[in-house]
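To keep things clear, I will list the structure first and then write my remarks on it.
Given the structure is predicted, the values throughout are model-derived calculations rather than measurements. Counting starts at 1 for both ligands and their atoms, in listed order. Reckoned from all heavy atoms, side chains included, excluding hydrogens, waters and symmetry mates.
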Amino acid sequence: MSRQRIGVGLCGLGTVGSGVVTLLDRHARELSSRCGLALELVHIGARRDNPNCDTSRYKVSRDIFDVVSDPDVDILVELIGGTTTAFDLVQGALNAGKHVVTANKALMAARGNELAALAEENGVALRYEAAVAGGIPIIKTLRESLAANAIQSVAGIINGTGNFILTEMAKAGRDFEDVLAEAQALGYAEADPTFDIDGTDAAHKLVILATLAFGIPLNSEGPFTEGINSVAPEDLRFAAELGYVIKHLGIATRAGERVDLRVHPTLIPVDKQIATVDGVLNTVMIRSDGVGELVLVGPGAGALPTASAVCGDVADVAQHMARGIGDSLPVLGRPVSELQELATVPRGEVESEWYLRMVVADEPGAMADITRLLGDQDISIESLIQRPPETGSTQVSVVIVTDRAPGAAIERATSAIAALDATDGSITMLRIESFEAA
Ligand code: HSE
């Protein structure tokens, strides 16, 4: 008997889940027409109702595993998040011969190698466009459109919450907690926003991008990771005074037979395109030998942009199914057996310009000691700001911008500076990227 329809099962009814219900409903006819077969949401698994989502027309189960065992479900959409129950759910679906679409970057980064191998074994699709940069089609771009390119680097703003917070703090002078609460209310932040703030979410996404770009296995331990919590309001003000904005970037670079994977706040000259990507927008800049430089910009979080990416994957899988074609795309851009480990460039070898902010005693010789300790490590100073002490204070804020220097030299210099009696022992260190043409 030929197939009459393609059934979609949705697990998880949070912000993105409710967006998926909205888009599948709004575009039901169009999606079915693209497939040439009815594409229907047939079963929702959610532990609780979402007051913003009317599910009265759908079969709803409280046990999400009922969706996996439902014979009417051909494509399982996993939107519950996390890496434990979500893993069991996705594993169960792949083993049951069902195609899976997920937005779960933590799951893909941590256990994606295993799941990709399982999808290959079972001849089913595992798609995850929504896992990176929300509505931007970056997975398809790297996996399919740029297949005939050697990719040199992938860099960008890949956490919408972090970009929203930094933008509002810098442009409107708003308080961190206040903007974070708004990002949560708007559905940008993770249920627990810790990963948005400490850089883990961006690191998960960078791991996925690096795998697709360089053909390496997913390695969630790979990136050096620093979050936006290392940026104080005065850093945003000093950066502006010096002609920079601060953005939280993920940067993956191929350096011969090694890779450099980093996630950290970064000063960027105000006249660079990436410096103008504000609010919840994300951007990914790819450098490769064929196309040269390619920049994608779009909403990086939020219900409908992320649901758009999920539904695009669902439609893609359904189109293959409707034509009786199994999944034709390797999950990680190439078969798991073809992925090759590359060593990571040690952090101390990575060069950049640096922004250093410290509090220094307003006394003779203090600045001379600091500049001497930088000079001892061959680090040249490009610019320097010293604020006069506030009335009654004996301390001054000092900001130094250095020329390019390896991380190890900066570590040695700042450790020595922090040990001076004239400083309070804490130094804010931020990298500067100018994104000059390769
Ligand atoms: N919390 C994530 C972000 C959601 O803000 O980017 C999209 O992955």
Side-chain angles (χ1 to χ4, degrees), residues 12-20 23 77-83 86 101-110 112 127-140 142 154-169 176-177 179-210 212 218 220 223 225-229 231 247-251 263-266 274 277-284 296-313:
L13 205 52
T15 302
V16 181
S18 73
V20 168
L23 289 188
V77 177
E78 182 278 305
L79 298 176
I80 64 167
T83 55
V101 172
T102 179
N104 192 332
K105 51 261 166 154
L107 178 66
M108 285 307 295
R127 299 291 173 89
Y128 48 96
E129 184 63 70
V132 183
I136 300 177
I138 184 62
I139 305 294
K140 264 186 198 301
L142 287 170
V154 183
I157 300 169
I158 49 177
N159 181 273
T161 302
N163 201 36
F164 182 73
I165 292 174
L166 288 179
T167 303
E168 289 294 312
M169 287 174 71
F176 177 94
E177 294 297 339
V179 192
L180 172 60
E182 189 182 348
Q184 290 175 294
L186 290 167
Y188 300 157
E190 300 300 300
D192 170 358
T194 309
F195 282 4
D196 292 307
I197 292 160
D198 72 8
T200 305
D201 179 79
H204 289 151
K205 293 167 179 169
L206 191 74
V207 163
I208 296 171
L209 295 180
L212 292 167
L218 295 158
S220 57
T225 305
E226 249 176 37
I228 60 168
N229 42 359
V231 179
K247 295 290 183 189
H248 190 251
L249 298 189
I251 303 174
V263 164
H264 50 70
T266 312
I274 197 167
V277 175
D278 285 339
V280 74
L281 289 179
N282 278 192
T283 182
V284 185
L296 305 176
V297 181
L304 292 189
T306 313
S308 158
V310 171
C311 294
D313 275 348

| Name the residues with a heavy atom less than 4.0 Å from ligand 1? | K105, N159, G160, T161, Y188, A189, E190, D196, D201, K205, G300, A301
Output side-chain donor-acceptor pairs under 3.5 Å for residues 299-313, partner residues at least two apart or in another chain, one line each.
unit_1 : atom_1 : unit_2 : atom_2 : d
T306   : OG1    : G302   : O      : 2.7
D313   : OD2    : Y128   : N      : 3.3
D313   : OD2    : E129   : N      : 2.8

| query | Between T266, I157, V263, which is the residue that forms a side chain to side chain contact (heavy atoms under 4.5 Å, CB included) with H248? | reply |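 That would be V263.
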Less than 4.5 Å apart, any side-chain heavy atom of [X] and any of [Y]?
X    : Y    : answer
V280 : N163 : no
K105 : E190 : yes
V297 : N282 : no

| Distance, nearest 0.5 Å, that separates CD1 of I80 from CG of L13 |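 Reported value, rounded in 0.5 Å steps: 12.5 Å.
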